[in-house]
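A short worksheet on the structure shown next.
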Amino acid sequence: MRSTDVGSLPPVVEEALLERGARDVLSPGRSSSGPALEFRRAIEKALRDKLEAGIELPTYPQFRDMNKMFLSMLKGVELLEGRYVEVGRLEVKDPRIPEVLVARDSAPEIADNLGLDKVRLRVCITGPHTLSFSFAFRSPGLLRRLGHVLAEVVRANTISGRRFEVEMVVLDEPTFGTVDDPLVEPGSEGREALREAWEEALRAARSSGAMTGIHLHSTSDGLFWDVEALEVVESHVDDPFYSLAETRERLEETGKLVKASICRTDFDTLMMRRIRAEKPGLSEHDLMEEVARAWRDIKSGRTDPAVFLEPVEEMAGRLKAILDFLGPDKVLFAGPECGLKSFPTYGTALECLRRVGAACGLIGKP
């Protein structure tokens, strides 16, 4: 079973410096500036760390805000009172993702150092539904336009090389199915517009030879089943998606595959599970007090946050249950349910990834 991850990590460099570095990396005149070098070092190290932790198909290291990084690529928009407004034709200023550019540049050295034939990358792109909530005025037309510009971004970031391959492109849609959205209700023009936007972006990936996926926080709305260019579906640990007979039936009907989510990534939830196990019967108020105390102990260095992570055996047990239920031929990857940016430390996030890799190893490789 091949391991993968969703992408985000706790910050290792001050956010403003990372943002400057990301901009400078794309500018020929500033690609060697101080911020650009700091950005490159952070991305290169994190990519290497993910691979060394046992993640076979890592997502580019994502330290920046997932919405802002893609919205900042757009022109024809203005930010007014915290929301974007279209003031001209929606276009992409520069479709290159700085993190992907750095991964491509550093791939030969990383591959040599780790004994790999090449570095294989998962590219995660914030989807049109989620990006649309940053706009003051949402419409079916906006969803289609976002799908068009995201397709351009996909094409610019799926260029492989001798020691580097973009193996998979995933649309990240945390809002879809988790918010009540009349714009995409069944039978609406907006729903068809979203399906078309997903199709356009994912077709761009497939035309470049990359596999396609969608990252959801809930599969309660099954529109994704109707997207022909979509190959791999992933959701969160507690989503019934992984245990429903309907999922098996739709996988057979559509030929789609699954990424098994095998560990929780909401750190407060991880804390509460351990505290409840150690102190059963706590009231909600007392539980919240214990969580707050645990955070204080972590920040002061009195507690190692890794004690709250799920053990390898629990992750492996989840993976085995999904494989047994859906069938090993339907499960292509396994990994965390979401990004790890909320984890208290970078080291804790890497330990989580190491456990994911170990859990996949326990199940065995084809």
Side-chain angles (χ1 to χ4, degrees), residues 1-7 55-57 59 120 122-125 127-130 154 167-178 184 186 191-192 194-207 209-265 315-338 356 359-360 362-366:
M1 179 56 54
R2 294 179 69 199
S3 56
T4 189
D5 74 314
V6 177
I55 300 301
E56 294 163 291
L57 182 62
T59 301
R120 293 171 172 83
R122 180 185 190 267
V123 171
C124 191
I125 292 176
H129 188 263
T130 299
V154 168
E167 183 174 333
M168 190 174 190
V169 173
V170 177
L171 291 179
D172 194 349
E173 290 284 30
T175 59
F176 184 73
T178 62
V184 296
R191 189 174 182 83
E192 177 60 16
L194 179 59
R195 189 195 64 78
E196 291 174 2
W198 285 346
E199 288 279 17
E200 183 172 6
L202 295 175
R203 277 200 304 269
R206 291 187 68 169
S207 67
M211 190 179 302
T212 62
I214 192 165
H215 173 80
L216 301 167
H217 288 199
S218 168
T219 56
S220 59
D221 187 318
L223 178 62
F224 59 90
W225 291 117
D226 301 329
V227 181
E228 293 182 5
L230 173 63
E231 296 174 278
V232 181
V233 182
E234 63 182 67
S235 190
H236 277 208
V237 163
D238 293 325
D239 192 327
F241 172 80
Y242 292 109
S243 57
L244 287 175
E246 181 186 358
T247 300
R248 288 193 302 199
E249 295 166 5
R250 296 308 305 272
L251 291 174
E252 286 293 337
E253 291 170 6
T254 62
K256 298 190 191 311
L257 301 168
V258 166
K259 186 219 90 175
S261 291
I262 63 172
C263 71
R264 292 181 174 88
T265 57
M315 297 181 190
R318 281 200 193 101
L319 177 54
K320 185 177 185 306
I322 293 171
L323 290 169
D324 288 347
F325 183 74
L326 296 180
D329 59 321
K330 299 300 182 185
V331 184
L332 198 60
F333 298 103
E337 66 180 4
C338 204
V356 166
C360 291
L362 284 179
I363 298 302
K365 302 271 189 291

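The figures that follow rest on heavy atoms only: side chains count, while hydrogens, waters and symmetry mates do not.
- Using a 3.5 Å distance cut-off with no hydrogens or angles, the side chains of E173 and W198 do pair a donor with an acceptor.
- In this structure, the side chains of V169 and R206 stay at 4.5 Å or more apart for every pair of heavy atoms.
- Checking each of T219, V227, L202, L230 against I214 for a side chain to side chain contact (heavy atoms under 4.5 Å, CB included) leaves exactly one that passes, namely L230.
- The closest side-chain heavy-atom distance from V154 to I125 is below 4.5 Å.
- In this structure, the separation between CZ on R250 and CG on L244 is 12.5 Å, given to the nearest 0.5 Å.
- In summary, R191 and D226 do not engage in a salt bridge, as defined by a charged side-chain N under 4.0 Å from a carboxylate O.
- The two residues M315 and A359 come nearest to each other via the heavy atoms CB-CB, 3.7 Å.
- Using a 4.5 Å heavy-atom threshold, the side chains of E234 and Y242 count as touching.
- Side-chain atoms of E199 come within 3.5 Å of backbone atoms of E228 as a donor-acceptor pair (strictly under, hydrogens ignored).
- The local environment of NZ in K320 is sparse, with at most 12 non-hydrogen atoms from other residues, nucleotides or ligands closer than 6.0 Å.
- To the nearest 0.5 Å, atom CD1 of residue I55 and atom SG of residue C360 are 7.0 Å apart.
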CA sep, side-chain torsions, deciding dist, call: M211, L332, side chain to side chain contact (heavy atoms under 4.5 Å, CB included): CA-CA 11 Å; M211 190 179 302; L332 198 60; 3.3 Å; yes
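- Applying the side-chain contact (heavy atoms from CB on, under 4.5 Å) rule to L323 yields the partners M1, L319, P328, V331, I363; only residues at least two apart in sequence or on another chain are considered.
- When all heavy atoms of D5 and P336 are compared, the pair lying nearest together is CA-CD, 4.0 Å.
- A 4.5 Å side-chain heavy-atom check between R248 and K330 finds every atom pair outside the cut-off.
- Of all non-hydrogen atoms in T4 and R122, the two that sit nearest each other are OG1-CD, 3.2 Å.
- Note: F224 and F241 have perpendicular aromatic rings, judged against thresholds of 30 and 60 degrees for the angle between ring planes.
- Between I322 and S261, the shortest heavy-atom contact is CD1-O, 4.1 Å.
- When all heavy atoms of A205 and T212 are compared, the pair lying nearest together is CB-CG2, 3.8 Å.
- With sequence neighbours left out, E167 forms a side-chain contact (heavy atoms from CB on, under 4.5 Å) with R2, L57, R120, E165, F333.
- Between F176 and H129, the ring-plane angle classifies as perpendicular under the 30° and 60° cut-offs.
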Check step by step if side chain to side chain contact (heavy atoms under 4.5 Å, CB included) holds for C338 and H215. CA-CA 8 Å; C338 204; H215 173 80; 3.7 Å; yes
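- Here the CZ atom belonging to R195 is positioned 8.0 Å from the CG atom belonging to L223, to the nearest 0.5 angstrom.
- In this structure, D238 CG and E337 CD are separated by 7.0 Å, a value rounded to the nearest 0.5 Å.
- In this structure, G127 and L171 approach most closely via the heavy-atom pair CA-CD2, 4.4 Å.
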